[in-house]
Amino acid sequence: MKRVIPKLLLFFCLIPWGAALLFTVVDCIFNIMYLDWLWIPDWCMVIFDLLSYYLVELTAFALFGIFSAYIFFGKTHKAVLLTVLAFAGAVLFPFSRYFICHILLTDTMYDTAMLSYFSDNVLFVQTLLMNALLLLIAVLLTKLFSRMLYKNPADVSEKMFSLRNPLNLAALIFCAAAVLLASVLFVSVGEISFESILSLLVEYLINAVRFAVIVFTAFQARKAISVNGDPQKSK
């Protein structure tokens, strides 16, 4: 039971990240063979790239959930290590997709297409880094506030989706802020169409999934911390 962090990273980060890279490879193969495999439907040129994108995002948010749990309930040095690792993952995960495409598609795609793909992944990195920073701020502020209510971290509710758990509250504040921002942007644009409404609903769904991923991975990390006797000592 000693290798807690490697097990958490394996199940919640390395395995889904590997699946995302596999989808990236499949997407590259379809792009390479598109003119030779006339049976390939058009959706195959999109779906595997989307699956890779969202799996990478979920992997990053799973890592965010793990570092959040350690900030609240784990030892300080491990919390710092996992936080740094989360920010590094926010950079590494998207660029690993580009690295595979750069190797497999350089002789197939035009330079402009590869540059566009690179720019998309740079934007992806920036988005993940911003989300990691905002969640970190929400977690630290919520932890500071929770210390006034709970003298001992062990007193915090252990229910997965209970808002009495300040970590869940921090995740809710983070995701609710993203939903509010999306709603404000939707209203400010002033163009109401089926596509814009659908895009807003998808944004709501994505943030609901982000919340569930953060809470679930943090819950599993907290259980592992408790089982292995690795909690922070109350001060």
Are Arg222 and Leu167 packed together at the side-chain level, in the sense that at least one heavy-atom pair is separated by less than 4.5 angstrom? no
Is there side-chain contact between Leu136 and Phe87, with heavy atoms separated by less than 4.5 Å? yes
Look only at the side chain of Ser199 and the backbone of Glu195, and say whether a donor-acceptor pair between them is shorter than 3.5 Å. no
To the nearest 0.5 Å, how far apart are CZ in Phe99 and CG in Leu92? 11.0 Å
Applying side-chain contact (heavy atoms from CB on, under 4.5 Å) to Phe64 and Thr83, what does each step give before you reach the verdict? CA-CA 8 Å; Phe64 298 167; Thr83 301; over 6 Å; no
Thr76-Tyr70 side chain donor-acceptor pair, cut-off 3.5 Å: no
Does some side-chain heavy atom of Leu14 sit less than 4.5 Å from a side-chain heavy atom of Trp17? yes
For a 4.5 angstrom cut-off between non-hydrogen side-chain atoms, does Asp49 reach Tyr53? no
Contact between Arg97 and Tyr117 at the side-chain level, heavy atoms closer than 4.5 Å - yes or no? yes
Which heavy-atom pair separates Ile71 from Leu140 by the least distance, and what is that distance? CG2-CD2, 4.0 Å
Co-membership, hydrophobic cluster, residues Leu81 and Val84, 4.5 Å side-chain: no
Quick one: do Leu180 and Phe186 end up in the same hydrophobic cluster if we chain Ile, Leu, Val, Met, Phe, Trp and Tyr together by side-chain heavy atoms under 4.5 Å apart? no
Full working for side-chain contact (heavy atoms from CB on, under 4.5 Å) between Asn131 and Arg210: CA-CA 11 Å; Asn131 283 319; Arg210 287 173 177 173; 4.2 Å; yes
In Å, rounded to the nearest 0.5 Å, how long is the span from CZ of Phe23 to CD1 of Ile47? 9.0 Å
Close side-chain approach of Ile137 and Leu141, heavy atoms under 4.5 Å: yes
Has Ser183 got a side-chain atom pairing as donor or acceptor with Val179's backbone, closer than 3.5 angstrom? yes
Closest non-hydrogen atoms of Ala170 and Ala138, given as atom of the first, atom of the second and distance, are CB-O, 3.8 Å
Derivation and outcome, side-chain contact (heavy atoms from CB on, under 4.5 Å), residues Phe61 and Thr217: CA-CA 9 Å; Phe61 275 88; Thr217 53; over 6 Å; no
Applying the 4.5 Å side-chain criterion to the ILVMFWY set and letting contacts propagate, would Val202 and Leu205 be lumped into a single cluster? yes
Plane angle bin for Tyr98 and Phe118 - parallel if under 30°, tilted between 30 and 60°, otherwise perpendicular: perpendicular
Euclidean distance, Leu200 CG relative to Tyr204 OH, rounded to 0.5 Å: 4.0 Å
Would a distance-only check, ignoring hydrogens and angles, find a side-chain to backbone donor-acceptor pair under 3.5 Å from Ser52 to Phe48? no
In Å and rounded to the nearest 0.5 Å, what is the CZ to CD1 distance from Phe67 to Ile5? 13.5 Å
Mind checking the CG-CD1 spacing from Leu9 to Ile66? Nearest 0.5 Å is all I need. 5.5 Å
Quick one: does Ser116's side chain have a donor or acceptor within less than 3.5 Å of a partner on Ala113's backbone? no
From Asn207 atom CG to Leu181 atom CG, the distance as rounded to the nearest 0.5 Å: 9.5 Å
Establish whether Leu22 and Ile29 are linked, either directly or via other cluster members, by ILVMFWY side-chain heavy-atom contacts under 4.5 Å. no
Could you walk me through whether Phe124 and Asp120 pass the side-chain contact (heavy atoms from CB on, under 4.5 Å) test, one step at a time? CA-CA 6 Å; Phe124 193 12; Asp120 290 343; over 6 Å; no
Does Leu55 belong to the same Ile/Leu/Val/Met/Phe/Trp/Tyr cluster as Val46, with side-chain heavy atoms less than 4.5 Å apart forming each link? yes
Taking only residues two or more places apart in sequence, or in another chain, which ones meet Thr127 in a side chain to side chain donor-acceptor pair (under 3.5 Å)? none
What salt bridge (Lys or Arg N to Asp or Glu O under 4.0 Å) pairs are there with at least one residue in residues 121-133, not counting sequence neighbours? none
Are any of the side-chain heavy atoms of Val26 and Leu51 separated by less than 4.5 Å? no
Taking the six-membered ring for Trp and the full ring for Phe, Tyr or His, determine whether the centres of Phe216 and Phe219 are under 6.0 Å apart. no
